[in-house]
Amino acid sequence: MSQHIEIEFKNMLTKEEYERFLMEFKIDEQQIFSQENHYFDTSDFSLKQHDSALRIRERGGFYEMTLKQPAAVGLLETNQVLSKEEAGLAIHTGKLPAGIIQNILEKKDIPFSSIEYFGSLLTKRVELAYKQGLLVLDYSSYLNTDDYEVEYEVENYQEGLQSFLALLAQFTIPFRHTENKIRRFYNQKFKLRDHKG
């Protein structure tokens with residue numbers, strides 16, 4: 001189990017802007033890797049109502065369950081490493097493994113047994129050291145949707161924000177209010193559900 005504060009800035013990109021980043025930073029295919037996020041919540045979205053999110057991330061045969069919760073600055077991330085079997089059981093049956101995340105949620109009166117699997121989002125990702133942080137370029141596919149974004153993960157909020165805004169200005173990309181992946185996933189899920197209804 002590990003916990004840390006995540007401070008990151010993000011901005012949606014057009015496909016052309018994303019490709020320009022790849023060219024400018026001389027990214028080749030070998031630097032791009034895949035990861036899949038599997039999202040969970042209760043049927044009445046108790047986690048979402050607490051501005052929290054729960055996912056299992058699968059990357060290179062490694063599985064990790066992460067609970068994200070609001071913090072004074074950024075998000076508090078609690079991580080729990082899972083076996084392939086634990087992850088498979090959670091994704092296919094909704095049965096999540098016991099541990100620190102269960103303890104945190106049950107203290108918030110969110111019964112672990114009421115959590116359900118909602119679906120997955122596949123990301124092709126590039127990570128680069130940039131100034132004082134980590135620059136991330138993502139191409140994500142989920143629910144018949146593709147999107148592109150740049151993220152910048154830092155330790156210091158103010159320095160990170162200045163560097164991120166300067167980077168967008170350098171690429172003449174406007175700052176766009178950007179929801180995190182799980183919110184984009186749920187927004188699309190609701191849109192498809194409402195459309196069917």
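Atom set for the values below is all heavy atoms of this structure, side chains included, hydrogens, waters and symmetry mates excluded.
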Assigning hydrophobic clusters by single linkage (Ile, Leu, Val, Met, Phe, Trp, Tyr; side-chain heavy-atom cutoff under 4.5 Å), is [X] placed with [Y]?
X    : Y    : answer
F9   : M12  : no
L161 : I173 : yes
L122 : Y18  : no
V73  : L67  : no
F175 : V150 : yes

Find the distance between [atom1] ([X]) and [atom2] ([Y]) and round it off to the nearest 0.5 Å.
X    : Y    : atom1 : atom2 : result
I182 : N37  : CD1   : CG    : 8.5 Å
D41  : E116 : CG    : CD    : 8.5 Å
F62  : Q35  : CZ    : CD    : 12.0 Å
T145 : K189 : OG1   : NZ    : 12.0 Å
I115 : S113 : CD1   : OG    : 8.5 Å
E36  : S140 : CD    : OG    : 11.0 Å

Steps toward ring-ring contact (aromatic ring centres under 6.0 Å, His included) verdict (F45, F190): CA-CA 12 Å; F45 296 98; F190 294 146; 5.2 Å; yes

Any residue meeting side-chain hydrogen bond (donor to acceptor under 3.5 Å, both in side chains) with N11, in chain and number order, not counting sequence neighbours: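 Applying side-chain hydrogen bond (donor to acceptor under 3.5 Å, both in side chains) to N11 gives none.
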
Pairing residues for D146 by the side-chain hydrogen bond (donor to acceptor under 3.5 Å, both in side chains) criterion, not counting sequence neighbours: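 Residues passing side-chain hydrogen bond (donor to acceptor under 3.5 Å, both in side chains) with D146: Y139, S141.
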
Considering only heavy atoms from C-beta outward, does the side chain of [X] approach that of [Y] to under 4.5 Å?
X    : Y    : value
T178 : E151 : no
T123 : L121 : yes
H38  : E58  : yes
I5   : L75  : no
E159 : V154 : no
D147 : R184 : yes
D51  : R183 : yes
S43  : S114 : no

Neighbour count above 12 (heavy atom, 6.0 Å) for Y157 OH: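 No - once you tally the heavy atoms of other residues, nucleotides and ligands closer than 6.0 Å, there are 12 at most.
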
Over 12 non-hydrogen atoms of neighbours within 6.0 angstrom of CD in Q170: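 Yes, the 6.0 Å shell around CD holds more than 12 heavy atoms from other groups.
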
L134/L128 under side-chain contact (heavy atoms from CB on, under 4.5 Å): CA gap, chis, key distance, verdict: CA-CA 6 Å; L134 181 72; L128 305 160; 5.8 Å; no

Please find the pair of heavy atoms, one from [X] and one from [Y], that lie closest to each other, and give the distance.
X    : Y    : value
P97  : M65  : O-CE, 3.9 Å
Y39  : Y117 : O-CD1, 3.6 Å
F112 : L96  : CE2-CB, 3.3 Å
L135 : Y130 : CB-CB, 3.7 Å
Y63  : A87  : CD2-CB, 3.3 Å
K124 : S34  : CG-OG, 4.0 Å

Got a donor-acceptor contact below 3.5 angstrom from the [X] side chain to the [Y] backbone?
X   : Y   : answer
T93 : L89 : yes
Q49 : D44 : yes
Q31 : D28 : yes

From CA spacing to verdict: side-chain contact (heavy atoms from CB on, under 4.5 Å), L137, L22: CA-CA 8 Å; L137 297 169; L22 297 183; 3.9 Å; yes

Derivation and outcome, salt bridge (charged side-chain N to carboxylate O under 4.0 Å, His left out), residues D138 and K181: CA-CA 10 Å; D138 281 346; K181 286 182 180 66; 2.6 Å; yes

Derivation and outcome, salt bridge (charged side-chain N to carboxylate O under 4.0 Å, His left out), residues E24 and R20: CA-CA 6 Å; E24 289 290 329; R20 190 147 50 92; over 6 Å; no

side-chain contact (heavy atoms from CB on, under 4.5 Å) between Y142 and Q188, worked out: CA-CA 9 Å; Y142 54 100; Q188 181 65 9; 4.0 Å; yes

Parallel, tilted or perpendicular: rings of F21 and F171 (30°, 60°):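 Parallel, since the angle between the ring planes stays under 30°.
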
Parallel, tilted or perpendicular: rings of Y152 and F164 (30°, 60°):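 F164 vs Y152 ring planes: parallel.
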
Set of residues satisfying side chain to side chain contact (heavy atoms under 4.5 Å, CB included) with respect to Q3, sequence neighbours excluded: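 Q3 satisfies side chain to side chain contact (heavy atoms under 4.5 Å, CB included) with M1, L76, T78, I104 once adjacent residues are dropped.
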
Does this structure show an ion pair linking [X] with [Y], if we count only N-O contacts that are shorter than 4.0 Å?
X    : Y   : answer
E127 : R59 : yes
R176 : E17 : yes
E8   : K10 : yes

Working for salt bridge (charged side-chain N to carboxylate O under 4.0 Å, His left out), residues E64 and K84: CA-CA 10 Å; E64 187 172 57; K84 183 178 181 180; over 6 Å; no

Steps toward side-chain contact (heavy atoms from CB on, under 4.5 Å) verdict (T66, L54): CA-CA 6 Å; T66 299; L54 182 64; over 6 Å; no

Ring center gap for Y186 and F118 short of 6.0 angstrom: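 Yes, close enough.
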
